Number of protein chains: 2
Amino acid sequence: MLKRVKRKSGHVTLSDVARACQLSVSTVSIVLSHAPLSLRLAAATRERIHATAMRLGYHPDAYARSLRNRSTKTVGVLAYDMSDPFCVPVVRGIEEGLLPANYFSLLMDAQTERRLFDSSLRMILERRAEGVIVIASWVFEEANLLADVEKNHVPIIIVGRDLTERRIPSFLVDNQAGGALAMNHLLSLGHRRIAVIRGPEDLFDSEPRWKGVQLAANRAGVHLDPRLVLSLSNRVDPISGFDGGLQLAREMVSSAPGFTAILAFDDLTALGVVRGLKKEGLRVPEDCSVIGFDDILPAAVSTPGITTIRQPLHKMGSLATQRLLEALQKADRANLSAATPDMLAPELVVRDSSAPPPTKARSRSASAALRHAPVSTPRSTPNKP
Amino acid sequence: MLKRVKRKSGHVTLSDVARACQLSVSTVSIVLSHAPLSLRLAAATRERIHATAMRLGYHPDAYARSLRNRSTKTVGVLAYDMSDPFCVPVVRGIEEGLLPANYFSLLMDAQTERRLFDSSLRMILERRAEGVIVIASWVFEEANLLADVEKNHVPIIIVGRDLTERRIPSFLVDNQAGGALAMNHLLSLGHRRIAVIRGPEDLFDSEPRWKGVQLAANRAGVHLDPRLVLSLSNRVDPISGFDGGLQLAREMVSSAPGFTAILAFDDLTALGVVRGLKKEGLRVPEDCSVIGFDDILPAAVSTPGITTIRQPLHKMGSLATQRLLEALQKADRANLSAATPDMLAPELVVRDSSAPPPTKARSRSASAALRHAPVSTPRSTPNKP
DNA sequence: TTGTGGACTTGAAACGTTTGAATAGTGTAT
DNA sequence: ATACACTATTCAAACGTTTCAAGTCCACAA
């Protein structure tokens with residue numbers, strides 16, 4: 001039985017090891033932290049110290065160590081909502097970037113709550129993260145905490161949203177290019193009467209994506225029927241897009257049928273659309289094609305697999321990390337700043353939810369189209385091809 | 001312009017605030033930490049201190065504070081893989097339990113890698129978490145680090161796996177009941193020729209789930225054709241079940257057709273099965289019903305929605321947290337221990353992937369069944385109903 | 001004996017907090 | 001005047017580390 005001194009915390013400390021070895025704390029520290037001095041120590045002593053530390057289950061106190069070293073090797077990661085499948089690959093990308101640099105991620109989940117966003121950021125600051133990566137998709141208010149981040153000279157980077165207006169380096173997908181990519185895919189399959197479900201207003205991505213969609217349509221001389229352009233309402237939680245897509249798809253089928261494809265704001269919306277179309281008796285892709293955006297897991301594993309525009313989420317995370325680490329490398333720790341966002345190229349992923357439009361003869365959708373709304377006549381535009 | 005002393009770290013400290021206020025560090029600390037003594041201080045002073053702290057963007061150093069207070073208010077959460085949709089709700093449940101208690105979660109993602117599991121646990125220990133919750137689904141080796149956890153008197157709890165053999169409190173779903181629930185659902189719909197896809201051997205859940213399935217089948221006097229009982233191979237990553245389900249479903253259709261339902265090990269497997277059946281020209285649920293297990297997001301948003309056995313993931317997380325917090329409340333910090341696992345009741349969630357078996361007259365599946373393998377004759381069993 | 005130098009080990013200060021004990025300042029009753 | 005009781009503020013030590021400067025030994029050369 002060990003004689004057990006009344007202890008404050010249950011943790012084994014350096015001095016516990018030192019006592020057990022009959023050596024000073026300094027010596028033990030030198031050995032266990034592999035300081036250069038340890039080479040000057042008798043090999044036998046080193047051995048004894050290591051053995052004892054292992055036997056007692058010693059683990060250095062990161063808090064004391066960081067205090068002394070003035071370095072925490074920690075990067076705060078503030079995700080807006082970990083239950084959004086969007087966040088997961090980004091976080092993974094960040095962690096994989098951090099690992100080889102021996103940095104450690106302090107992951108906070110804001111759960112789409114403003115209050116939590118603030119307290120998480122405060123936490124990150126208090127825990128002395130050397131840098132912060134924010135994964136933000138919804139438009140968060142001018143958090144005055146961001147000012148505190150700057151006052152404390154903590155470099156910050158944002159993923160998924162453009163905040164270069166505040167000179168914060170931003171990594172995001174090129175939404176406009178993505179919107180165009182999606183539209184062009186449908187056009188190239190031969191679709192002309194295309195419904196669009198735009199994102200909610202409070203989401204940064206909505207506008208540029210829609211712009212890309214319009215641009216591509218205009219360029220091809222395809223008219224977008226206003227009755228077939230609806231918007232999701234502001235989201236309350238990450239998967240509300242599903243219900244939105246389901247609802248809006250059904251509405252469109254009854255109010256303005258005859259479209260042969262739906263371009264949805266994101267994958268969850270697209271999945272909702274598929275469900276809605278099914279309820280209305282339409283098959284995907286035979287009667288109506290569907291395309292999403294993001295390429296999250298559910299899009300890949302549902303049947304039919306959802307054709308979508310992939311955001312390089314993993315890459316966004318790892319690039320942001322790269323950038324942050326570079327800044328941390330520099331001794332001066334100057335605040336990062338950037339004038340233009342880093343826009344990553346989206347990528348079309350063709351799965352089974354998109355196909356050429358039904359031939360008029362045998363499709364329910366196409367016959368409806370003929371009945372209510374003739375295919376718009378292509379117009380040539382001044383744009384280059 | 002502030003005169004700026006050459007500073008080691010960019011962080012604003014108590015003494016910065018003290019200097020700016022012309023007060024001592026103690027005074028400032030007393031006020032900013034809302035110590036009882038602060039009531040004895042002049043209101044004006046308090047005011048001045050708060051204002052200055054805010055102006056400078058002061059945030060207390062959690063490291064120094066924890067060091068001094070010997071309390072980190074931190075619980076380590078070690079998830080086996082955050083890209084598995086299984087983990088996300090559990091973590092959410094944990095965080096929601098921790099929040100009101102003013103505890104803070106230190107989330108580590110082991111990414112299904114043994115090496116990372118170890119280093120994450122070490123990290124958690126070094127960061128002086130007061131307790132640990134491990135979300136483990138695959139069988140991890142006798143991590144000797146777990147011994148260190150005990151040596152340091154850190155209570156530990158496991159979610160998703162029974163480790164009471166090592167006296168570690170365990171929260172998990174009652175897999176056997178779940179397996180039976182799934183089978184009974186299919187039976188009650190009228191299915192008699194049912195295929196089963198068992199989980200991989202290295203997954204703890206596989207065995208009890210299968211046992212429940214068998215039990216329910218026996219009780220109903222339904223024979224399970226060995227050709228229709230296949231196992232997933234050991235998983236390399238969380239979504240490998242999808243490919244497995246896809247593959248095995250196709251194999252079964254060609255090698256032993258005629259079944260009217262597939263009971264899949266988990267939701268991703270079920271989603272794979274749906275895809276596989278589709279490829280073989282079978283419709284779900286018209287030609288073949290499919291049931292999964294877990295109730296993860298993709299199961300809910302795919303079309304048809306996957307009928308599944310819901311694990312109360314959120315609840316598992318919050319119950320584990322409750323239990324841990326109770327232990328932390330007690331001053332003695334005795335190691336937790338438990339002799340029997342807490343098994344939570346699973347819940348049947350009926351969606352659109354399950355339906356009564358096709359009537360023989362018009363179904364492809366049924367005609368195949370008749371051709372190759374007649375429906376097994378029900379046998380009565382000695383079991384009670 | 002007295003250095004001298006090497007090999008090995010330790011003392012002490014500092015990191016940013018908190019907190020019980022101590023100090024200065026100010027009336028007020030003796 | 002002195003003691004007393006406030007009020008408002010500060011001192012100093014400690015938490016567990018790391019690291020530089022400074023020990024202590026001891027063998028061996030002078």
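Everything numeric in this text was worked out from a predicted model, so none of it was measured.
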Rounded to whole Å, please give me the gap between [atom1] in [X] and [atom2] in [N].
| X | N | atom1 | atom2 | result |
| --- | --- | --- | --- | --- |
| A/His59 | D/dT17 | NE2 | P | 12 Å |
| B/Leu32 | C/dT19 | CG | P | 13 Å |
| A/Asn69 | C/dA14 | CG | C1' | 11 Å |
| B/Leu14 | C/dT19 | CG | C1' | 13 Å |
| B/Arg40 | D/dC6 | CZ | P | 10 Å |
| B/Leu67 | D/dT17 | CG | P | 9 Å |
| B/Asp61 | C/dA14 | CG | C1' | 14 Å |
| A/Arg19 | C/dT9 | CZ | C1' | 19 Å |

Do [X] and [Y] get their side chains close enough for a donor-acceptor pair, meaning under 3.5 Å?
| X | Y | value |
| --- | --- | --- |
| B/Thr27 | B/Ser24 | yes |
| B/Thr74 | A/Arg127 | yes |
| A/Asp162 | A/Thr164 | yes |

Respond yes when some side-chain nitrogen or oxygen of [X] is under 4.0 Å from OP1 or OP2 of [N], and no when none is.
| X | N | answer |
| --- | --- | --- |
| B/Thr27 | D/dT9 | no |
| A/Ser24 | C/dT10 | yes |
| A/Ser15 | D/dG16 | no |

Considering only side-chain heavy atoms of [X], which listed nucleotide, [options], is closest?
| X | options | answer |
| --- | --- | --- |
| B/Ala64 | D/dT18, C/dT17, D/dT9 | C/dT17 |
| A/Arg128 | C/dT17, C/dT9, D/dT17 | C/dT17 |
| B/Tyr58 | C/dT10, D/dT18, C/dT17 | C/dT17 |
| A/Leu37 | D/dG16, D/dA21, C/dT18 | D/dA21 |
| B/Arg70 | D/dA14, C/dC15, D/dT17 | D/dA14 |

Practice task
Give a yes or no on whether a donor-acceptor pair under 3.5 Å exists between the nucleobase atoms of C/dT18, that is its base, and the side chain of B/Arg68.
Solution key: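 When only heavy-atom distances are counted, B/Arg68 does reach the base of C/dT18 through a donor-acceptor pair under 3.5 Å.
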Practice task
Test for a donor-acceptor pair under 3.5 Å between the base of C/dT17 and the side chain of B/Arg65, counting only N and O atoms.
Solution key: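 Side chain to base: no pair present.
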Exercise for the section: Please figure out whether B/Leu39 or A/Ser26 has its closest DNA chain D nucleotide nearer the 5' end. Expected result: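 Final value for this comparison: B/Leu39.
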Problem - Sidechain N-carboxylate O distance under 4.0 Å for A/Arg122, A/Asp148 - result: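 Not counted as a salt bridge, because no side-chain N and carboxylate O are separated by less than 4.0 Å.
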Exercise for the section: Identify whether the distance between the nearest side-chain nitrogen and carboxylate oxygen of B/Arg92 and A/Asp81 falls below 4.0 Å. Expected result: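 Salt bridge between B/Arg92 and A/Asp81, a charged N being under 4.0 Å from a carboxylate O: yes.
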Practice task
Side-chain contact test, heavy atoms from C-beta onward, threshold under 4.5 Å: evaluate it for A/Thr72 versus A/Glu130 and give yes or no.
Solution key: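 Yes - at least one pair of side-chain heavy atoms lies under 4.5 Å apart.
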Give one of base, sugar-phosphate or nothing for [X], where a contact means two heavy atoms less than 4.0 Å apart.
| X | value |
| --- | --- |
| B/Ser29 | base |
| A/Ile30 | base |
| B/Ser66 | nothing |

